[in-house]
Amino acid sequence: MVRLDTPRDTAIVAFSCKDCSSNVIVKSDEDTLVNEIGSYSGTTLYGIRGSSSTAPLTRLQITADAAWTLTIGGINTAREVGSFPLTGSADDVVMVDSPRDVASLTHDGSSNFVVYAISGSDSDLVVNEIGAYEGTVILPADGGRLLLVITADGNWTVD
């Protein structure tokens, strides 16, 4: 059990267990942030969507069969990029300074590919597929920065 000294309404949660070979679970009171089998390394978001948006992050329960690392930070710790294109492999949280209102996305994994796009005034689930994906989506367009929360088990692109 990991208890936070200061509760957080929103948090970027980076977790890595590269030598894990069994269940890897990172769970708060309100939400399961990671649920994988085997090696895992990724970044996710707490507090913007679903049940985690109603309660601050105060503690995490970790299930892992090897040494792991955990880093919890604010939205300012998201990976920052100026604009598209973006590439990655696995879960990630990316702040885009100059986004477009439409993007083409790809994913070559075999499991869930989920992308949330969060702007200053809107939050949209823009992709929710299983397996490989290729498509074009509308993104929130309020003229500001855009936070992308990506769940993926393979390589992905946003362009």
Side-chain angles (χ1 to χ4, degrees), residues 2 4-17 24 26-36 40-60 62 68-109 111-159:
V2 176
L4 278 66
D5 293 333
T6 305
R8 291 183 172 265
D9 291 329
T10 58
I12 302 290
V13 178
F15 184 82
S16 180
C17 187
V24 177
V26 179
K27 183 180 181 316
S28 72
D29 287 328
E30 304 299 323
D31 201 3
T32 300
L33 302 174
V34 175
N35 185 8
E36 296 292 333
Y40 176 84
S41 184
T43 303
T44 191
L45 178 67
Y46 177 92
I48 297 293
R49 62 188 193 281
S51 58
S52 71
S53 65
T54 62
L57 179 62
T58 59
R59 60 188 180 167
L60 292 169
I62 310 293
W68 49 267
T69 60
L70 171 72
T71 305
I72 300 170
I75 296 293
N76 63 329
T77 63
R79 178 165 64 112
E80 289 199 43
V81 298
S83 61
F84 301 141
L86 310 174
T87 61
S89 59
D91 300 348
D92 205 354
V93 180
V94 184
M95 181 66 75
V96 184
D97 289 330
S98 299
R100 294 188 302 265
D101 62 350
V102 174
S104 297
L105 292 91
T106 65
H107 174 245
D108 69 3
S111 192
N112 292 343
F113 180 53
V114 178
V115 180
Y116 283 91
I118 303 165
S119 70
S121 63
D122 201 2
S123 175
D124 287 336
L125 173 63
V126 296
V127 177
N128 187 10
E129 297 290 335
I130 295 176
Y133 175 83
E134 184 173 334
T136 301
V137 300
I138 296 171
L139 298 173
D142 63 8
R145 295 167 42 152
L146 184 69
L147 188 68
L148 295 175
V149 182
I150 299 164
T151 302
D153 70 333
N155 299 307
W156 53 263
T157 63
V158 180
D159 192 9

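Residue numbers count from 1 along this sequence.
More than 12 heavy atoms of other residues, nucleotides or ligands sit less than 6.0 Å from atom CD of E80. Within 6.0 Å of the CD1 atom in I138, the count of heavy atoms belonging to other residues, nucleotides or ligands does not exceed 12.
Classified by interplanar angle (parallel below 30°, tilted 30° to 60°, perpendicular above 60°), the ring pair Y133/F113 is tilted.
For the pair S119 and D142, the tightest heavy-atom approach, listed with the atom from each and the gap, is OG-OD2, 3.1 Å. G82 and V96 make their closest contact through O-CG1, 4.1 Å (heavy atoms, listed as atom of the first residue, atom of the second, distance). V158 approaches A103 most closely through the heavy-atom pair CG1-CB, 3.9 Å. L139 approaches A117 most closely through the heavy-atom pair CD2-CB, 3.9 Å. A pairwise comparison of heavy atoms in T136 and S104 identifies OG1-OG, 3.3 Å as the closest pair. Considering all non-hydrogen atoms of both residues, R8 and G74 come closest at NH1-N, 3.5 Å.
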For L148 and F84, what are the C-alpha separation, side-chain angles and deciding distance, and is it a side-chain contact (heavy atoms from CB on, under 4.5 Å)?
CA-CA 12 Å; L148 295 175; F84 301 141; 4.1 Å; yes

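Results of the side-chain contact (heavy atoms from CB on, under 4.5 Å) test with T43 over T77, I150, D92, V149 single out D92 as the only residue that passes.
One distance of note links CH2 of W68 with CZ of F15; it measures 6.0 Å at 0.5 Å rounding. In this structure, CG in L4 is found 10.5 Å from OG in S28, a value given to the nearest 0.5 Å. Here D159 contributes atom CG and R100 contributes atom CZ; the two are 5.5 Å apart, rounded to the nearest 0.5 Å. Distance check: Y116 OH to T151 OG1 gives 8.0 Å after rounding to the nearest 0.5 Å. To the nearest 0.5 angstrom, M95 atom CE is 8.0 Å from L146 atom CG. The structure places CG of L57 at 7.5 Å from CG of L33, a figure rounded to the nearest 0.5 Å.
In this structure, L45 and I12 have side chains that are in contact, with non-hydrogen atoms separated by less than 4.5 Å. In this structure, L86 and W156 have side chains that are in contact, with non-hydrogen atoms separated by less than 4.5 Å. The shortest distance between side-chain heavy atoms of T71 and T69 does not fall below 4.5 Å.
With D108 contributing its side chain and N155 its backbone, the two residues share a donor-acceptor pair below 3.5 Å. Although no hydrogens or angles enter the test, the distance criterion places no donor-acceptor pair under 3.5 Å between the side chain of D101 and the main chain of A141.
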